[in-house]
S.K.: 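Shown below is the structure under consideration.
Just follow the structure's listing: the first ligand is 1, and inside any ligand the first atom is 1.
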Amino acid sequence: MGDDTTGGTGTEAPPDPGAVEAAAAAARGALQAAGSLEALEAARHAHLGRSSPLLVWRRSLGALDPDERRRVGLVLNDRRAELESLAEARAAELATEARAAQLAADALDLTEVTARWRPGHLHVVTQVREELEDVFVGMGYEIAEGPEAESDWHNFTALNMPPDHPARSAQDSFYLDLAGGASLLLRSQTSPVQVRLLERGQLPIYAVAPGRVYRRDTADARHLPVFHQIEGFVVDRGVTFADLVGTIDTFVRAIFGEGTRSRLRPAYFPFTEPSAEFEVTCTICGGEGCRTCGQVGWIELGGCGMVHPAVFQATGVDPEEWSGFAFGFGIDRLALMRHEVEDLRTFIENDVRFLRQL
Ligand code: DAH
């Protein structure tokens, strides 16, 4: 059989057909049985390498007469070609298996992670902002926007706060030190969006402008240097103070529930006249009086008033033809009241144990 010719010297006698088939069968078996790429390489070397029977026999063909040489040569070539492609197919199979095994070994067991995974949700301040937007869109308002880096003109001057106006010092702002000397600051309120809406020149206006505002305040339980306001702004023919009162009452009920009432108290803002602060019945005690509302039963929410003629004049709108009202308040504080949170700073500390509850 082929066994004793493996590793032969190349001097063996030409094979008889039976010996070739036996050697081929042995080679097939060995290649097929190889369980790894290394084993396959070894089998290939033994059965198809230089000193394998098939190759050794090939080198002995010269001893045969020409016809016999062609016949045996063809058989040897056929077998060799067949075995080579078998070896290649087996190599591909083994490579696929090896890759699958590697993937299986590398796979991480994520069962525990998925079991603990919870879907996230919007930040509570974003939720309240979106809820406010929904209420006002439902009342036919558009959502307006303005830049956070705002000009002095929009943030102050056009809002009836000229450079020496005392109200400016009450709002300590972050000024931006820009090349070219343009006087920009991080807006201290959303009220400059009023000016931008008027400058757009499309009247009437029914808009709310929610957004981030900045003040040089030290963070404490009731203040953050970066917080959110929403500005309401309506300009039309014949708008009255009664419309303002009705609008505030409507959205307060929509946000806090039907049982909540609102009231206005006289106040001062440079860009409205008359001006008022609006209050809502305490969400904790319902108006009875408790620690949160300082026993008065009311909580101040924001400012409002009738648009000052100076604001119309600054933006080229005729105050004889148009009138309007404005209001503004802090979204963060509203979220704080709604959820009975005690400290505004918890909104920005990113403690998921806190955020998850809201
Ligand atoms: N901009 C004011 C502030 O930040 C709030 C405010 C008061 C807005 C009265 C208004 C308003 O639109 O009419 O304190």
S.K.: side-chain hydrogen bond (donor to acceptor under 3.5 Å, both in side chains) with Ser191: which of Glu231, Gln229, Glu150, His154?
M.R.: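 Only one option passes, and that is Glu231.
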
S.K.: If only side-chain N and O atoms count, and only distance matters, is there a donor-acceptor pair under 3.5 Å linking Thr346 with Asp351?
M.R.: no

S.K.: Would you call Glu82 and Arg28 a salt bridge, using N to O less than 4.0 angstrom?
M.R.: yes

S.K.: Salt bridge (Lys or Arg N to Asp or Glu O under 4.0 Å) with Arg58: which residues, sequence neighbours excluded?
M.R.: none

S.K.: Give the atom numbers and elements of ligand 1 that come within less than 4.0 Å of a heavy atom of Gly305.
M.R.: 13 (O)

S.K.: Answer yes when Glu21 and Arg79 have at least one side-chain N-carboxylate O distance shorter than 4.0 Å, and no when they do not.
M.R.: yes

S.K.: Spell out, as yes or no, whether a donor-acceptor pair under 3.5 Å connects the side chain of His121 to the backbone of Leu358.
M.R.: yes

S.K.: Would you call Gly302 a ligand 1 contact, heavy-atom distance under 4.0 Å?
M.R.: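 Judged by the 4.0 Å heavy-atom criterion, Gly302 does not count as contacting ligand 1.
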
S.K.: Taking non-hydrogen atoms only, is Ala326 closer than 4.0 angstrom to ligand 1 via side chain, backbone, both or neither?
M.R.: both

S.K.: Heavy-atom distances under 4.0 Å decide this one: backbone, side chain, both or neither, for Phe327 against ligand 1?
M.R.: backbone

S.K.: Run the numbers for me: atoms of ligand 1, each under 4.0 Å from some heavy atom of Gly328, listed by number.
M.R.: 8 (C), 10 (C), 12 (O)

S.K.: Phe325 near ligand 1, heavy-atom distance under 4.0 Å?
M.R.: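 No, that is not the case, since the closest heavy atom of the residue is not under 4.0 Å from the ligand.
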
S.K.: Do the non-hydrogen side-chain atoms of Cys293 and Cys285 ever get within less than 4.5 Å of each other?
M.R.: yes

S.K.: Under 3.5 Å, N or O to N or O, is Gln229 touching ligand 1 that way?
M.R.: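 Among all N and O atoms of Gln229, at least one is under 3.5 Å from an N or O of ligand 1.
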
S.K.: Below 4.0 Å from ligand 1: does a non-hydrogen atom of Arg215 turn up there or not?
M.R.: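 It does, in that a heavy atom of Arg215 comes within the 4.0 Å cut-off of ligand 1.
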
S.K.: Show which atoms of ligand 1 fall inside a sub-4.0 Å distance from at least one heavy-atom site of Gln194.
M.R.: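 Listed by number with element: 12 (O).
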
S.K.: Provide the number and element of each atom of ligand 1 under 4.0 Å from a heavy atom of Cys304.
M.R.: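 Ligand 1 atoms under the 4.0 Å threshold to Cys304: 9 (C), 11 (C), 13 (O).
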
S.K.: Any salt bridge linking Asp249 with Arg253? Criterion: basic side-chain nitrogen under 4.0 Å from a carboxylate oxygen.
M.R.: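 Counted as a salt bridge, because a side-chain N and a carboxylate O are separated by less than 4.0 Å.
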
S.K.: Give the numbers and elements of all ligand 1 atoms closer than 4.0 Å to a heavy atom of Ser191.
M.R.: 1 (N), 8 (C)

